[in-house]
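My structure is below; once you've seen it, I'll send some questions.
Chain identifiers are assigned alphabetically (A, B, ...) following the order of the sequence lines, protein sequences preceding nucleic acid strands; residue numbering begins at 1 within each chain.
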There are 2 protein chains.
Amino acid sequence: MESTADSRVPVLNGRRARNKHDKHQRIFEAASALFTGQGYSSVTTQMVAERADVGTGTLFRYASSKAELLLMVMNEQMRLTTRLGVAESTDAASPNDAIMALLQPQIHLSLAFPENTAVYQREILFGTEQGRYRTEALARISELEDAVGNILARFAQTHRIRKDIDLNGAARTVFSTLHMELIRVSLGRQDPQTLTATLASHIDVLLLGILDPE
Amino acid sequence: MESTADSRVPVLNGRRARNKHDKHQRIFEAASALFTGQGYSSVTTQMVAERADVGTGTLFRYASSKAELLLMVMNEQMRLTTRLGVAESTDAASPNDAIMALLQPQIHLSLAFPENTAVYQREILFGTEQGRYRTEALARISELEDAVGNILARFAQTHRIRKDIDLNGAARTVFSTLHMELIRVSLGRQDPQTLTATLASHIDVLLLGILDPE
DNA sequence: GCTCATTTAGGAGCGTACTCCGTATGCTAG
DNA sequence: CTAGCATACGGAGTACGCTCCTAAATGAGC
């Protein structure tokens, strides 16, 4: 028994691993094409399964729900925008600029795919299942929140700040506004033009509001 | 022809109107009892129909979806809390107190029914159907937002305020935070205790942030 | 190569929100 | 009271996300 335990080390080069990888790839491509082509709601899991040439049962072995399929696709896009945002925020003059530079790529992506963004936001906020892709999405957002928190912390080192202020809490309010504005815009309830201005204004007020009024 | 047009005035005393009213009442009570008794997700529309003693087809003539059924129930509760909040906010000393007094009853209600609140928030934010009860819910929230806007406007009259500040936009950020915190708490991701403090702090920062720093 | 154990595949089947349309009920005119 | 019309009712049927269980594929030991 113990001798076979050694073979538990995952071998990635077997037929099995390759098949799995292939199927995952096909499913990813099918979901990606369908979701970005026609919106989330008009795509059925049957369609994805057929296009990926797998059974429906198989599909749900690779993503535990239809929503997870979307997260799988969106995460990949978010991976790029996050990296981009972090990079661009480093050489910003003011904290306002830094935060806006950080978030700009996410906003841009969101505006490009409104319906998928709405579902993405919905699943982030209201999803209960602890699937692989949802976990990844949450991690990515936490990253961004921490980045904003760090920018605020740096600001706090060069300015007199009110004592009882929780900087992480402050960072969260920025994201509350971001989430809500993204939802509004992605569902067509608000002009995309206003989003950036609203967010910038919130940050502006926030920075002034946390200063110690001597 | 024109003479019959007079009869278009809705007569509320016919058998028909009474039947309709009765059914509506039964459906309301059934939905109310089931949703508050066990959570939203474990209630099926069949159950509601049976308990109300109507067919499923009939049920969907009175509420266009399961979510609308919940909104129907929650709206009624919100009607009371809104009135209460508005009343209590009038004799508050500071704008902070006024806003918090305004929102306290809503928060209290939300904490009492976490699961239903989560669904309520989800439908408010992401619902697309233009059902009767959703419209009503949105109107109720607009009311509250306007009330916050008014409190800020009064504050602006007795203090020097930065020029380029949009008070309604500022009011919206308060609600962004409120929505997000309610979601977090109602899904059990955050301690209910912190909600009020977080919100109060946001308002605090906001009020300082919109002041003109001479 | 052969056998056995374990992992993976997939499609028939299920639960549930919602619809469709034939039937019943109430209203109005004559 | 009756006929004709409009409205309301309700349950069989549908769509779709997801599960369950049998069968197939793979790899290990000999």
- Query: Rounded to the nearest 0.5 Å, how far does CG of A:N75 lie from CD of A:E136?
  - Reply: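 The distance works out to 4.0 Å.
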
- Short N-O contact, B:E181 and B:R184, less than 4.0 angstrom: yes

- Query: So, is B:Y62 near the phosphate of D:dA8, with a side-chain N or O under 4.0 Å from OP1 or OP2?
  - Reply: no

- Query: Are A:N19 and C:dA9 close enough that a side-chain N or O sits under 4.0 Å from OP1 or OP2?
  - Reply: no

- Query: What is the distance from CD of A:E50 to P of C:dA9, rounded to the nearest Å?
  - Reply: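 After rounding, the reported distance stands at 18 Å.
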
- Query: Separation of A:E129 atom CD from D:dC18 atom C1', in whole Å?
  - Reply: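 Those two atoms, CD and C1', are 11 Å apart.
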
- Task: Mind checking A:V48 for me? I need base, sugar-phosphate or nothing, with any heavy atom below 4.0 Å counting as a touch.
- Result: nothing

- Message: Among C:dG10, D:dA8, D:dC18, which nucleotide has an atom closest to any side-chain atom of A:K66?
- Response: D:dC18

- Task: Please confirm whether B:K66 makes a cation-pi placement over B:F60, using NZ or CZ under 6.0 Å from the six-membered ring centre and within 45° of the ring normal.
- Result: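 Judged by the rule, B:K66 and B:F60 form no cation-pi pair.
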
- Query: Counting only side-chain N and O atoms of A:R15, is one of them less than 4.0 Å from OP1 or OP2 of D:dA25?
  - Reply: no

- Message: Tell me the interatomic distance from B:L59, atom CG, to D:dG11, atom C1', rounded to whole angstroms.
- Response: 13 Å

- Would you say D:dG27 has OP1 or OP2 under 4.0 Å from some side-chain N or O of A:R16? no

- Message: Given C:dC18, C:dA12, C:dA9, identify the nucleotide with an atom nearest to the side chain of A:T56.
- Response: C:dA12

- Message: By nearest heavy atom, map A:R61 and B:Q46 onto DNA chain C; which one lands nearer the 5' end?
- Response: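 The residue closer to the strand's 5' end, by nearest nucleotide, is A:R61.
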
- Within the structure shown, what part of the strands sits under 4.0 Å from B:T44 by heavy-atom distance: base, sugar-phosphate, or nothing? sugar-phosphate

- Query: Within the structure shown, what part of the strands sits under 4.0 Å from B:S64 by heavy-atom distance: base, sugar-phosphate, or nothing?
  - Reply: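 Touches nothing.
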
- Query: Does A:T58 make a side-chain N or O approach to OP1 or OP2 of C:dA9 shorter than 4.0 Å?
  - Reply: no

- To the nearest angstrom, how far is B:K20 atom NZ from C:dC27 atom P? 12 Å

- Task: Please report, rounded to the nearest Å, how far the C1' atom of D:dA8 is from the CG atom of B:D22.
- Result: 14 Å

- Message: What is the separation between atom CZ on B:F60 and atom C1' on C:dT19, rounded to the nearest whole Å?
- Response: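 B:F60 atom CZ is separated from C:dT19 atom C1' by 9 Å.
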
- Test applied, side-chain contact (heavy atoms from CB on, under 4.5 Å); reference residue, A:M72; option that passes from A:F35, A:Y62, A:F28: A:F28

- Would you indicate, yes or no, if C:dA9 has its OP1 or OP2 atom less than 4.0 angstrom from a side-chain nitrogen or oxygen of A:K23?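 True: A:K23 side-chain N/O within range (under 4.0 Å) of C:dA9 OP1/OP2.
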
- Query: Rounding to a whole Å, what distance do you find between B:H21:NE2 and D:dA8:P?
  - Reply: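 The distance from NE2 of B:H21 to P of D:dA8 comes to 15 Å, rounded to the nearest Å.
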
- Ion pair present between B:E29 and B:R26, side-chain N to carboxylate O less than 4.0 angstrom?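 Judged by the 4.0 Å cut-off on N to carboxylate O distance, B:E29 and B:R26 do not form a salt bridge.
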
- Task: Round to the nearest Å and state the distance from A:L70 atom CG to D:dG17 atom C1'.
- Result: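 Atom CG in A:L70 sits about 15 Å away from atom C1' in D:dG17.
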
